[in-house]
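Inspection log for the structure reproduced underneath, given as structure tokens.
It should be emphasised that the depicted structure is a prediction, and the values quoted were computed from it without experimental measurement.
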Amino acid sequence: MLVTWHDELSTTNKNVEGRILSLDGTPLTGEILICDAPKEQMYPACGFSGSFFTVAWSDMRELGQVDQLRGDIYTSRVSLDGTVLDPGGIQVTSGPLPEDLPAVGGCDDVCIIAFSQLHGACGNPEVQRIGYVTVQELSVADVGDASPAPRALVAGPSPFREHVRISWSGIPTESLELEVFSATGRRIWTADLDASLGHVTWDGTSSNALRVPNGTYFIRLRSGDEEIATTRVVKVE
């Protein structure tokens, strides 16, 4: 098991650290520095997918001068030998209102990260909702060889750096529209597709050919006004 905590270096600077233990409590590694980004990283949570640990935390590195904790959720994968696979962390939320207090669960090489999210519903920024993202270990080959369920939409690898393959199956119509949205709901990229193609590659740029920042992106497949399927991916550098 991986035990995680935040280490308070000062009142405005905290790191995320951890240590892998055997089930009888015997330490198997020394202290592992999981994230030492500027400002505060707090409230880490950890899950195990079956082949790697996923650690998520509330991250204040983008906090401005206003004295309010308007953080984002970041995550990092840790291998079974204690190697941090995503040094500095991967940003998985970037909304204008804070996301906080993550919880992590996993199995079958997939982890789900849930978090508290101030939503701004009904014009009230204090309304809280529960959001989630998934982190998985997929290669492009894995996605291409998969046999998705009917009317399925899958994307991988996630996280991705340069390109992500978006595949679909079981679509009865011939013409499709694929849309990619940011975590704030802004449409980033769109494409008109022939359903028989079965897949398309997105290179992480907007419709204006600009590289999009790190974060979570939502993918929606539509036929006319009908929503066929949705999925999401995480982009990193």
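- Of all heavy-atom pairs between Ala103 and Ala45, the closest is CA-CB, 4.1 Å.
- Each of Val78 and Tyr43 belongs to its own hydrophobic cluster when Ile, Leu, Val, Met, Phe, Trp and Tyr are linked at side-chain heavy-atom distances under 4.5 angstrom.
- For the residue pair Pro159 and Ile90, the shortest heavy atom distance occurs at CG-CD1, 3.5 Å.
- Remark: Ser182 engages Thr184 in a side chain to side chain donor-acceptor pair (under 3.5 Å) (not counting sequence neighbours).
- Applying the ring-ring contact (aromatic ring centres under 6.0 Å, His included) rule to Phe160 yields the partners Trp202; only residues at least two apart in sequence or on another chain are considered.
- To the nearest 0.5 Å, atoms CZ (Arg232) and CZ (Phe218) are separated by 4.0 Å.
- Qualifying ring-ring contact (aromatic ring centres under 6.0 Å, His included) partners for Tyr74, counting only residues two or more places apart in sequence or in other chains: none.
- Residues Ile73 and Glu99 form a side-chain contact, since some pair of their non-hydrogen atoms from C-beta on lies under 4.5 Å apart.
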Result block: side-chain N/O donor-acceptor pairs under 3.5 angstrom for residues 26-37, not counting sequence neighbours:
from: Thr26; atom 1: OG1; to: Asp24; atom 2: OD1; distance (Å): 2.8
from: Thr26; atom 1: OG1; to: Asp24; atom 2: OD2; distance (Å): 3.4
from: Thr29; atom 1: OG1; to: Ile20; atom 2: N; distance (Å): 3.1

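- Remark: Thr4 pairs with no residue by the side chain to side chain donor-acceptor pair (under 3.5 Å) rule, at least two apart or across chains.
- Tested against Phe53 for a side chain to side chain contact (heavy atoms under 4.5 Å, CB included), the candidates Leu2, Val104, Val84, Leu85 yield a single pass: Leu2.
- Atom CG in Leu221 sits 9.5 Å away from atom CD1 in Ile166 (nearest 0.5 Å).
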Derivation of the side chain to side chain contact (heavy atoms under 4.5 Å, CB included) call for Ile219 and Leu178: CA-CA 7 Å; Ile219 301 169; Leu178 189 74; 3.6 Å; yes

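- For the atom pair CG (Asn15) and NZ (Lys39), the distance works out to 14.5 Å, reported to the nearest 0.5 Å.
- A donor-acceptor pair is defined here as one N or O able to donate and one able to accept, closer than 3.5 Å; no such pair exists between the side chain of His6 and the backbone of Val16.
- When all heavy atoms of Phe52 and Phe48 are compared, the pair lying nearest together is O-CD1, 3.3 Å.
- Not counting sequence neighbours, the partners of Thr205 by the side chain to side chain donor-acceptor pair (under 3.5 Å) test are Asp203.
- For residues 80-94, the salt bridge (Lys or Arg N to Asp or Glu O under 4.0 Å) pairs, not counting sequence neighbours, are Arg77-Asp86.
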Side chain to side chain contact (heavy atoms under 4.5 Å, CB included) evaluation trace for Leu176 with Trp168: CA-CA 11 Å; Leu176 299 171; Trp168 58 89; 3.6 Å; yes

Side chain to side chain contact (heavy atoms under 4.5 Å, CB included) between Val212 and Lys235, worked out: CA-CA 9 Å; Val212 299; Lys235 180 183 180 297; 3.6 Å; yes

Side chain to side chain contact (heavy atoms under 4.5 Å, CB included) between Leu21 and Met1, intermediate numbers included: CA-CA 5 Å; Leu21 308 176; Met1 57 184 170; 4.1 Å; yes

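- Annotation: the span from Met42 atom CE to Met60 atom CE amounts to 3.5 Å, rounded to 0.5 Å.
- With sequence neighbours excluded, the residues forming a salt bridge (charged side-chain N to carboxylate O under 4.0 Å, His left out) with Arg61 are Asp59, listed by chain and number.
- Here the CD atom belonging to Glu40 is positioned 10.0 Å from the CG atom belonging to Leu9, to the nearest 0.5 angstrom.
- Considering every non-hydrogen atom in both Arg19 and Trp5, the closest pair reads N-CZ3, 3.8 Å.
- When the salt bridge (charged side-chain N to carboxylate O under 4.0 Å, His left out) test is applied to Asp194, no partner is found at least two apart in sequence or on another chain.
- Defined by atom type and a distance below 3.5 Å, a donor-acceptor pair is present between the side-chain atoms of Thr190 and Glu177.
- A search for side chain to side chain donor-acceptor pair (under 3.5 Å) contacts involving Glu8 returns nothing, not counting sequence neighbours.
- Alongside Leu23, the hydrophobic cluster contains no other residue (criterion: ILVMFWY side chains under 4.5 Å).
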Check against side-chain hydrogen bond (donor to acceptor under 3.5 Å, both in side chains), Asp100 and Ser58: CA-CA 5 Å; Asp100 202 6; Ser58 302; 2.5 Å; yes

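- The stretch residues 210-221 participates, sequence neighbours left out, in these side chain to side chain donor-acceptor pair (under 3.5 Å) pairs: Glu179-Arg220.
- Closest approach of Gly89 and Ser76 over heavy atoms only: CA-CB, 4.4 Å.
- Heavy atoms only, all atoms of each residue included: Gly185 and Phe181 are closest at O-CD2, 3.5 Å.
- Here OG of Ser206 is found 11.5 Å from CH2 of Trp189. Values are rounded to the nearest 0.5 Å.
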